[in-house]
Structure formats: structure tokens, C-alpha cells
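These notes are about the structure you will find just below.
These figures come from a predicted structure and were not determined experimentally. Letters A, B, ... mirror the listed sequences (proteins, then strands); counts begin at 1.
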There are 2 protein chains.
Amino acid sequence: MAHTARKTPAPARRLALTGDLNAPACPSRGVLDHVTSRWGVLILVALTEGTHRFSQLRRKVGGVSEKMLAQTLQLLEADGFVTRTVHPVIPPHVDYALTPLGEEVAQRVGDLAGWIEDNLGRVMAARERVALRAPRRAPS
Amino acid sequence: MAHTARKTPAPARRLALTGDLNAPACPSRGVLDHVTSRWGVLILVALTEGTHRFSQLRRKVGGVSEKMLAQTLQLLEADGFVTRTVHPVIPPHVDYALTPLGEEVAQRVGDLAGWIEDNLGRVMAARERVALRAPRRAPS
DNA sequence: CGGTATCCGTACTGATACTG
DNA sequence: CAGTATCAGTACGGATACCG
């Protein structure tokens with residue numbers, strides 16, 4: 001859909017993403033929500049380091065509940081970003097890993113997450129600056 | 001915090017982001033949530049095309065309510081990603097634009113959003129494949 | 001025009017308990 | 001170990017009404 005026809009002709013700006021995501025009903029909204037969800041981001045990033053077991057992820061992604069972890073993993077699996085591999089042994093053993101598709105998103109998500117980590121200082125500084133409530137007026 | 005000390009020594013993997021975001025209480029979680037919030041993403045992307053007025057954004061980001069738009073803009077302003085410029089005229093005129101900091105995140109957010117738009121087809125295809133519920137077993 | 005204030009439903013979230 | 005089921009709290013999100 002995105003690469004076939006755009007409803008808005010998109011004014012030829014190269015960085016513009018005017019077409020798709022602005023439509024409230026577009027499926028890409030859903031995918032975006034899954035990927036950028038609270039735990040989705042963290043899970044994708046964690047999986048860039050390789051295959052993980054369920055409990056391994058649970059420990060690694062601090063603060064996530066079993067329920068949310070399972071639920072988010074299901075969503076990511078449904079979107080084709082994550083594979084779930086069941087080893088039929090006792091005790092149970094399940095591995096989660098990124099698909100090729102998943103690695104591509106995870107890379108971008110990781111970029112974003114990494115940027116935030118690296119620039120947290122700048123953001124915190126900006127926060128205090130704004131906290132002083134400098135009511136910027138337009139330069140007359 | 002992110003660039004000062006890491007609690008986990010981080011095994012020298014270059015793509016690993018093991019340090020910061022995994023801590024439940026780290027401020028970067030908050031920033032990440034703002035940026036990746038439902039409307040945060042869309043607003044940041046919209047602003048990469050330049051300065052926008054309130055109502056302009058409202059029209060552009062399909063489906064957003066006034067409340068959510070205002071609220072999200074406040075959050076992004078507080079984090080130092082967006083400037084709010086009030087022109088003291090009648091009728092009121094307020095401009096929103098990205099700060100340099102904002103342009104850096106917006107670029108990454110845009111990358112992610114763009115990837116999803118461009119690869120929506122692959123994701124939808126993957127969805128149907130998974131919908132067939134191929135219960136992958138580990139290759140014995 | 002560009003908001004804020006208020007109300008209110010629901011969807012997300014997290015403990016807890018239980019199953020294979 | 002790896003989940004699912006159930007339940008209760010919260011906070012998110014939208015509609016409406018009103019102010020500067």
C-alpha cells in the first residue's frame with residue numbers, strides 16, 4: 001500500500017512521510033504501535049543480542065511482567081518480527097529470536113533507543129531550561 | 001547516567017544496549033515513552049517538514065484530538081524536542097517547530113516510521129503466514 | 001485560533017493463582 | 001520452565017464545554 005499508491009501526492013520532499021501514517025485507519029499505525037509499545041522497543045533491542053529464552057528476557061528487560069512479556073512477544077511474532085521455537089523437552093524450553101524482518105526494524109528501534117541513551121544528558125538539561133518556563137515570544 | 005556508569009559491564013558487544021534502558025527507573029524510559037507514544041511519533045514526523053501551526057498539525061495528523069495534540073506537544077516541548085512560539089496577534093497564532101535536538105530524534109523516528117510504511121507489505125504477508133499457525137518445532 | 005478543564009469509558013497493566 | 005486465566009486499579013484517550 002505504502003509503496004504502491006499514495007493518496008496525497010507527497011510534494012516530492014525526500015524526508016517527507018506524508019502519505020501513509022497520517023491516515024487514521026492505515027494498518028501501518030498498528031504495526032507502529034506494536035513496535036513502539038512500551039515493551040516492544042525493549043524486547044526488540046534485547047533480541048538484537050541474539051536468541052533468548054522467556055525467563056532470560058524477563059530478567060533482562062527490567063520491570064516487565066510475565067503477562068506483558070508474553071503478550072508483546074505474541075504481537076511481535078504475529079507481525080513476523082520474532083520467531084518462537086519450542087523445544088519439546090522437560091522442563092519446557094522456548095527460544096525467541098528475530099526474523100530477518102525483525103532485525104531490520106530492531107536496528108532502527110535500537111538506533112532510536114541508543115540515541116536517547118547517549119543524549120539523555122542533553123534532554124535532561126533541556127528539561128530544566130524549559131522548567132524555568134521561558135515564554136518565548138516571536139521576535140517582533 | 002547512560003554515559004557515565006553502566007551497572008552491567010556490557011560485554012563489549014557493539015550493538016548491545018545492555019546498560020540503561022533495562023533499568024526500570026531510568027529517566028530514559030520516560031523520554032522513550034514520550035517519543036514513541038502514539039501521537040509523539042506522528043507529530044515528530046510531521047514537524048520534520050517544517051514549522052506548523054496547531055490546527056495545521058491537527059489536520060495533518062489524522063485522528064488526533066485537540067487534547068492529545070496539546071498534551072503531546074507539551075511533553076515534547078518539555079523534553080526539549082519542540083519549540084512553541086506564540087505570536088501575540090489576534091487571532092492567536094502559535095508555531096511549533098523542531099529544536100536541533102528534536103531534529104535528531106525525529107530523523108530516527110522518521111527512519112523507523114518510513115521503514116514500516118515501505119515494508120508494510122512484507123509485514124502483512126508475514127502476518128498471514130503466522131495466522132496459519134505453523135507451530136515450529138526445534139529441528140531435532 | 002489555540003488552547004484548558006472536566007467528565008467518563010475502556011484498554012492497558014500488573015499481582016496472583018493455576019496449568020502443561 | 002513457560003506460560004494462561006482471572007481480577008482489580010490506573011491512566012490513557014476522546015468528547016464536550018468553556019476561556020484568553
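- A distance-only check finds no donor-acceptor pair linking the side chain of A:His93 to the backbone of A:Pro91 [under 3.5 Å].
- Separating the CG atom of A:Leu69 from the P atom of C:dA15 is a distance of 14 Å, rounded to the nearest angstrom.
- The distance between atom CG of B:Leu42 and atom P of D:dG13, rounded to the nearest whole Å, is 12 Å.
- Atom-to-atom distance recorded for A:Lys60:NZ and A:Leu42:CG is 11.0 Å, nearest 0.5 angstrom.
- Between the CD1 atom of A:Ile90 and the P atom of D:dA2 there is a distance of 14 Å, rounded to whole Å.
- Of the candidate nucleotides D:dG14, D:dC1, C:dG2, D:dG14 has the atom nearest to the side chain of B:Trp39.
- Comparing A:Pro91 and B:Asp95 by the nucleotide of DNA chain C whose heavy atom lies nearest to each, the residue mapping closer to the 5' end is B:Asp95.
- As a whole-Å value, the separation of A:His87 NE2 from D:dG3 P is 11 Å.
- With a 4.5 Å cut-off on side-chain heavy atoms, A:Leu21 and B:Val45 do not count as touching.
- B:Arg53 and B:Asp95 are not joined by a salt bridge, as no carboxylate oxygen comes within less than 4.0 angstrom of a charged side-chain nitrogen.
- The phosphate of D:dC12 has neither OP1 nor OP2 within less than 4.0 Å of any side-chain N or O from B:Gln71.
- Distance CD (B:Gln74) to P (C:dG2): 15 Å, rounded to an integer number of Å.
- Comparing C:dG14, D:dG3, C:dG2 against the side chain of A:Ala70 picks out D:dG3 as the nearest.
- Bending across the helix from C:dC1-D:dG20 to C:dG20-D:dC1, expressed as the angle between its end axes from five pairs apiece, amounts to 50° (10° rounding).
- Note on B:Leu44 and A:Val123: same hydrophobic cluster, where clusters join Ile, Leu, Val, Met, Phe, Trp and Tyr whose side-chain heavy atoms are under 4.5 Å apart, directly or indirectly.
- Taking atom CE of A:Met68 as the reference point, atom C1' of D:dA2 lies 16 Å away to the nearest angstrom.
- Residue B:Arg53 has its side chain nearest to C:dC1 when only C:dC1, D:dA2, D:dG3 are considered.
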With side-chain contact (heavy atoms from CB on, under 4.5 Å) as the test, would you mind laying out the steps for A:Val41 and A:Val35 before giving the verdict? CA-CA 6 Å; A:Val41 175; A:Val35 165; 5.8 Å; no
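- No donor-acceptor pair under 3.5 Å is formed between the side chain of B:Arg29 and the backbone N or O of B:Ala25.
- Rounded to whole angstrom, the span from the CG atom of A:Leu57 across to the P atom of D:dC1 amounts to 14 Å.
- One finds a side-chain N or O of B:Tyr96 lying less than 4.0 angstrom from the OP1 or OP2 phosphate oxygen of C:dG3.
- For C:dG2, the OP1/OP2 oxygens have a side-chain nitrogen or oxygen of B:Ser55 closer than 4.0 Å.
- One finds a side-chain N or O of A:Arg38 lying less than 4.0 angstrom from the OP1 or OP2 phosphate oxygen of C:dG14.
- A distance of 11.0 Å separates CG of B:Leu112 from CD of A:Gln107, quoted to the nearest 0.5 Å.
- Atom OH of A:Tyr96 sits about 5.0 Å away from atom CG of A:Leu73, to the nearest 0.5 Å.
- Between the NE2 atom of B:His52 and the P atom of C:dC1 there is a distance of 16 Å, rounded to whole Å.
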Polar-atom pairs under 3.5 Å, protein N or O versus N or O of nucleotides 16-20 of chain D: list them with distances, or write none.
none

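- Under 4.0 angstrom from either OP1 or OP2 of D:dA2 there lies no side-chain N or O belonging to A:Arg84.
- The backbone N or O of B:Glu117 sits nowhere less than 3.5 Å from a side-chain atom of A:Ser28 that would complete a donor-acceptor pair.
- Looking at heavy-atom distances under 4.0 Å, B:Gln56 makes no contact with the nucleic acid at all.
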